[in-house]
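Beneath this line is the structure, given in structure tokens, with notes to follow.
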Amino acid sequence: MLPRDLLRNEPDLVRAALAARGQEGALVDRFLALDGERRALLVAHEERKRERNEASREIGRLKAAGSDAAAAIAAVAALKSAIEADEARLAGVEEELAGVELALPNLPHESVPRGRDESANRVEAVVGDPPRFPFRPQAHWDLGPALGILDFERGAKVAGARFTAYFGAGARLERALVNFMLELHTSEHGYTEVLPPFVVNRDSLVGTGQLPKFEQDLFHLEGYPYYLVPTAEVPVTNLHRDEILEESALPVRYCAYTPCFRSEAGSHGRDVRGLIRQHQFNKVELVHLATPETSYDELEAMTRHAGRVLELLGLPYRVVSLSTGDLGFAAAKTYDLEVWLPGQEAYREISSCSNCGDFQARRASLRYRPADGGKPRLLHSLNGSGLAVGRTLIAVLENYQQEDGSIAIPEVLRPYLGGLERIGPGR
RNA sequence: GGAGACGUGGCCGAGCGGCUGAAGGCGGCGGUUUGCUAAACCGUUAUACGGGCUCAAACCUGUAUCGAGGGUUCGAAUCCCUCCGUCUCCGCCA
């Protein structure tokens, strides 16, 4: 959500920010109308309630004194019905207002490159060189099945399209990557590991911004008020929903492994081969909660922490600052990490690190008490992949493939695989 | 799944349907006293949304909030209903 004061006082600024995202400003006008209506109703309504409260106190006094209060009670009847009518109107306006507020996306940070789509994204850094192969490198969807470690057909059989079964060294490699990432972030980067629920309720999804707008992207458990997590960002960021943290406890830095479940509605036909776009994938997520003064430093730190995973794995990548038109709903600024995939001869997203500013904090009521003891202030929340595990496995397979179709295991992963140095045919 | 108990402020804990935003205690903050520390004493101590004043804040004021949502009532922390959560016992279960 955006601050109401900002919408009231600087609507043009918000319209301009929406335009930079490629959106119309109609919601701003709707907000202004509803907000004005709400305040007018509220003033009248609260005045009537004040009168009623006063009258009720008087009735109490009369009764206590043993007098007859019947006349006084009769006099309040009109007030009572007016209050009930007000309440209904006010509830209607507030419901619609909440809908508008929850539908407005975050404002892009001033440092974000302006542009209508990903073509305006800015490459901030390129790390490592794409490997040169003395043979034609294969894609992971050929390498994996040939080695017997990825089975797309059987994944589809037991669940459906966009589900995959891992076998043998493939399953072990995925697990090794999860452990390697968690170990790096907890032991070297100072994160606190969290193992959250893999399902969440509606309040949590509203808190981080997936609801009410993006219901169609989620898997909902029929008959239960639960959704499968689309990312650990949801349960982890909501851990401190409706809380006030002490400033001395900041910044909070959590890392969490979870599977992620996404319906991928609207992406039919895109990335249909291989592991790139699955309904279920594993991810190690990073979440920071910080003061407004430090959140952009935190974003740089988080992005470095995610990049460090790729560096230690020896995978070439680049850092991209998303343009205003490519930014996610809740993000004020986002860096994508894109890993080089030889099978596609392209950089593909493997991490997305965002500072959401106070946008999620306002929805989820994430606050902190300043060290000087002043009023609670909204936190800034950040989240980033550190990293998407399935896509990391793709990158390892494709970048470390040998001419015979086997896979060399990156040095840093070998301790997690019992010293395994290479994945050859035969699982 | 069956039976029962309970959800009050940062914490503990009172609260006959009316003057209870809520006693008391602890903790926190400010102060007095005091070689220092401690103790004692005095005061203070929620949040949200509006209105007034203001450049803004402070401040003044209203409404709401005693798990959540409905209901009864002139009036609900107190009565009724539903839901959520916690605890105990039985059953089942990894």
Side-chain angles (χ1 to χ4, degrees), chain A residues 1-10 31-102 195-207 211 221 223-227 235 238-250 252 292 358-379:
Chain A
M1 281 195 293
L2 302 175
R4 285 183 176 171
D5 280 348
L6 182 74
L7 284 158
R8 285 168 188 157
N9 301 328
E10 306 281 355
F31 169 85
L32 258 17
L34 287 166
D35 181 55
E37 194 179 344
R38 168 179 175 270
R39 283 200 282 179
L41 283 171
L42 199 59
V43 169
H45 182 229
E46 291 192 342
E47 170 60 19
R48 288 203 184 99
K49 282 208 278 196
R50 190 192 62 73
E51 287 173 27
R52 181 203 59 193
N53 290 346
E54 202 172 286
S56 292
R57 273 192 292 271
E58 182 56 28
I59 291 166
R61 262 180 242 119
L62 286 173
K63 288 200 167 179
S67 313
D68 178 26
I73 290 173
V76 191
L79 261 183
K80 196 193 176 192
S81 57
I83 286 169
E84 279 167 7
D86 284 349
E87 230 148 49
R89 279 206 295 163
L90 199 55
V93 170
E94 288 193 328
E95 192 184 337
E96 198 184 340
L97 186 63
V100 170
E101 288 188 295
L102 291 173
L195 185 61
F198 297 168
V199 299
V200 289
N201 56 33
R202 287 191 64 90
D203 285 346
S204 293
L205 288 157
V206 170
L211 288 181
L221 297 185
Y224 294 89
Y226 298 139
Y227 294 78
N238 277 284
L239 248 19
H240 295 295
R241 171 152 50 83
D242 297 322
E243 290 184 21
I244 301 175
L245 305 181
E246 293 301 328
E247 181 169 2
S248 58
L250 303 177
V252 169
D358 62 15
F359 183 84
Q360 292 179 326
R362 191 169 286 106
R363 289 171 162 250
S365 190
L366 305 168
R367 294 180 294 171
Y368 74 99
R369 171 113 32 211
D372 64 16
K375 291 272 184 192
R377 300 174 71 200
L378 291 171
L379 285 158

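Numbered from 1 within each chain, the chains take letters A, B, ... in sequence-line order. Model, not experiment: these values are computed from the prediction.
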Q: Would you mind pulling out the nucleotide paired to B:G75, Watson-Crick or G-U wobble, both distances under 3.5 Å?
A: none
Q) Should B:U65 form a Watson-Crick or G-U wobble pair with both distances under 3.5 Å, which nucleotide is its partner? A) B:A46
Q.
Of the listed nucleotides (B:U73, B:G51, B:C49), which one gets closest to any side-chain atom of A:E46?
A. B:C49
(Q) Can you tell me if A:R89 has over 12 outside heavy atoms packed within less than 6.0 Å of its CZ? (A) no
Q | Pairing nucleotide - B:U54, Watson-Crick or G-U, each distance under 3.5 Å | A | none
Q) If you measure from the P atom in B:G70 to the same atom in B:G52, how many Å do you get, rounded? A) 29 Å
Q | P spacing across the pair B:C87 / B:C12, given as an integer number of angstrom | A | 15 Å
(Q) My understanding is that a pair needs two contacts under 3.5 Å, Watson-Crick or G-U wobble. By that rule, which nucleotide pairs with B:G4? (A) B:C87
Q: Rounded to whole angstrom, note down the C1' distance from B:G85 over to B:U8.
A: 15 Å
Q.
Suppose we define a pair by two distances each less than 3.5 Å, Watson-Crick or G-U wobble; what does B:G24 pair with here?
A. B:C12
Q. When the P atoms of B:U65 and B:G71 are considered, how many whole Å apart are they?
A. 13 Å
Q. Do the side-chain N or O atoms of A:R377 get closer than 4.0 angstrom to the phosphate oxygens (OP1, OP2) of B:U47?
A. no
(Q) Any base atoms under 4.0 Å from A:R8, or only sugar-phosphate, or nothing? Heavy atoms, all strands. (A) sugar-phosphate
Q) Looking at the side chain of A:I59, which of B:U47, B:C74, B:G51 is the nearest nucleotide? A) B:C74
Q. Contact class for A:K375 vs. all strands (heavy atom < 4.0 Å): base, sugar-phosphate, or nothing?
A. sugar-phosphate
Q.
In whole Å, measure the gap between the P atoms of B:G21 and B:A64 for me.
A. 10 Å
(Q) Under 4.0 Å between a side-chain nitrogen and a carboxylate oxygen: does that hold for A:R377 and A:E247? (A) no
(Q) When the P atoms of B:G10 and B:A5 are compared, how many Å lie between them, rounded to an integer? (A) 29 Å
Q) Counting just side-chain N and O atoms, does A:R4 come under 4.0 Å of either OP1 or OP2 of B:G50? A) yes
**Q.** Spacing of the P atoms in B:A38 and B:U34 (rounded, Å)
**A.** 16 Å
Q) Looking only at side-chain N and O atoms, does A:R367 come under 4.0 Å of OP1 or OP2 in B:A48? A) yes
Q: State plainly whether the residues A:E51 and A:R48 are in salt-bridge range, i.e. N to O under 4.0 Å.
A: no
**Q.** Short side-chain to backbone donor-acceptor contact, A:R367 and A:E243, under 3.5 Å
**A.** no
Q | Residue whose closest nucleotide on RNA chain B lies nearer the 5' end, A:R38 versus A:R57 | A | A:R57
**Q.** A:R52 vs B:A64: side-chain N/O to OP1/OP2 distance below 4.0 Å
**A.** yes
Q. When you check the gap from the basic side-chain N to the acidic O, do A:K49 and A:E46 get nearer than 4.0 Å?
A. no
Q: Mind running salt bridge (charged side-chain N to carboxylate O under 4.0 Å, His left out) on A:R8 and A:D35 for me, showing each step along the way?
A: CA-CA 8 Å; A:R8 285 168 188 157; A:D35 181 55; 2.6 Å; yes
Q: Please determine if a side-chain N or O atom of A:N53 lies less than 4.0 Å away from the OP1 or OP2 oxygen of B:A64.
A: yes
(Q) If you compare every side-chain N and O of A:R50 against the phosphate oxygens of B:G75 (OP1, OP2), does one of them come in below 4.0 Å? (A) no
(Q) Which nucleotide, if any, forms a Watson-Crick or G-U wobble pair with B:U37, using both distances under 3.5 Å? (A) none
Q: Return the 5'-most residue of the pair A:E54, A:I244 with respect to RNA chain B, ranking by each residue's nearest nucleotide.
A: A:I244
Q) Using the C1' atom in both, what is the distance from B:A22 to B:U45, to the nearest Å? A) 14 Å
